[in-house]
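First up is the structure itself, then whatever we jot down about it.
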Amino acid sequence: MTLRQILILCFVMTLSACGGEPKSKALQLQADLDQMEALAEAKKTSDLMAFFHDGFKPDGGWSKKDIQRMLHFRFLKHKTVHISKVVKDIQWRSDNEVSVQVVAALAGSPITDLTTLTEARAQLMKFDVILVRADDHFLIRSVQWAHAYPTDFL
C-alpha cells in the first residue's frame with residue numbers, strides 16, 4: 001500500500017466513524033432529561049429554559065417567563081442544588097411526542113439513595129411533562145407539578 005492509499009483509507013474510516021447511528025428516541029429522551037437535571041444542578045437557568053418548546057403551553061397561568069423567574073429565584077435562594085429523579089410512566093403519543101412522569105427529590109446536599117430522603121430534608125415533587133422532539137432534542141411543551149410522597153419513588 002502506498003502512503004496515498006493509507007491516507008485515503010484513514011480518511012474514509014474517520015468519516016464513517018463520525019457518521020454513526022442517531023440515538024433512538026428512548027435514548028435521546030433519557031439523555032435530554034439527564035441534561036436538564038445537570039443544568040438545574042448547575043443552576044443554569046437560561047440553558048435550562050432552552051429545553052422549553054416555543055409552543056410551551058402554561059398550566060395554571062404560569063408562563064415560560066414566570067417559570068424562568070421562579071427557577072432563578074430558587075437557585076439564588078440555595079447555595080447548592082442536588083436532584084435525584086425517577087422517570088416513571090413513559091407513554092409515547094407518537095414518534096415525536098411523549099408523556100412522562102418524573103418524580104424528583106430536590107435538596108441542598110447529595111441524596112445518595114432513597115432511604116436518605118428524609119435526612120436530606122428534600123422537597124419531593126412530581127412532574128407530569130409532555131415533551132416534543134425538535135431538532136434531535138426533546139423539549140418541554142407542557143408541565144404540571146405537585147408535591148410528591150416518598151412512596152412515589154417506588
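Worth knowing before you read on, the calculation uses all heavy atoms, side chains too, and leaves out hydrogens, waters and symmetry mates.
Counting heavy-atom neighbours within 6.0 Å of His82 NE2, excluding the residue itself, gives a total above 12. Heavy atoms of other residues, nucleotides or ligands lying less than 6.0 angstrom from CG of Asp136 number 12 at most.
Every residue two or more places apart in sequence or in another chain that forms a side-chain hydrogen bond (donor to acceptor under 3.5 Å, both in side chains) with Gln123 is listed here: Arg74. Every side-chain contact (heavy atoms from CB on, under 4.5 Å) that Gln68 has, sequence neighbours left out, goes to Thr45, Ser46, Met49, Lys65. Remark: Leu27 pairs with Lys23, Ser24 by the side-chain contact (heavy atoms from CB on, under 4.5 Å) rule, at least two apart or across chains. Taking the ring pair (Phe, Tyr, Trp, His ring centres under 6.0 Å) definition, one finds that Phe127 meets it with nothing, sequence neighbours left out. In this structure, the side-chain contact (heavy atoms from CB on, under 4.5 Å) partners of Tyr149, at least two apart in sequence or on a different chain, are Thr151, Asp152.
Residues Arg93 and Arg141 approach most closely at NH1-NH2, 4.2 Å, considering heavy atoms. In this structure, Glu41 and Ile83 approach most closely via the heavy-atom pair OE2-N, 2.7 Å.
Within the 4.5 Å cutoff, side-chain heavy atoms of Phe138 are placed close to those of Gln28. For the pair His78/Thr80, no side-chain contact is recorded, criterion being any heavy-atom separation below 4.5 Å from C-beta on. Within the 4.5 Å cutoff, no side-chain heavy atoms of Val81 are placed close to those of Leu106. Side chains of Leu33 and Lys85 form a contact here, defined as non-hydrogen atoms less than 4.5 Å apart. A heavy-atom distance below 4.5 Å is found between the side chains of Pro150 and Leu124. Put simply, the side chain of Lys88 does not reach to within 4.5 Å of the side chain of Val102, judged on heavy atoms. Using a 4.5 Å cut-off on side-chain heavy atoms (C-beta onward), Leu139 and Leu131 make no contact. Side-chain contact check for Leu29 versus Val100: some heavy-atom pair is nearer than 4.5 Å.
We find the CD-CG distance between Gln101 and Asp89 to be 6.0 Å, quoted to the nearest 0.5 Å. Ile140 contributes atom CD1, which lies 6.5 Å from atom CG of Leu48 (distance to the nearest 0.5 angstrom).
Side-chain heavy atoms closer than 4.5 Å link hydrophobic residues (I, L, V, M, F, W, Y) into clusters, and following such links, even through other members, never connects Val98 to Ile130. Hydrophobic cluster membership differs between Val132 and Phe56, with clusters built from Ile, Leu, Val, Met, Phe, Trp and Tyr side chains linked at under 4.5 angstrom.
Side-chain atoms of Asp34 never come within 3.5 Å of backbone atoms of Ala31 as a donor-acceptor pair (strictly under, hydrogens ignored).
Taking the centre and axis of the six-membered ring of Trp92, the NZ or CZ atom of Lys25 falls inside the cone set by 45° and 6.0 Å.
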Dump the intermediate steps for side chain to side chain contact (heavy atoms under 4.5 Å, CB included) on Arg133 and Asp95, then the final yes or no.
CA-CA 8 Å; Arg133 187 165 32 182; Asp95 278 345; 4.1 Å; yes
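Checking Asp128 against Gln144 by side-chain atom types alone, no donor-acceptor pair falls below 3.5 Å.
Evaluation of the salt bridge (Lys or Arg N to Asp or Glu O under 4.0 Å) test over residues 42-55, restricted to residues two or more places apart or in two chains, returns none.
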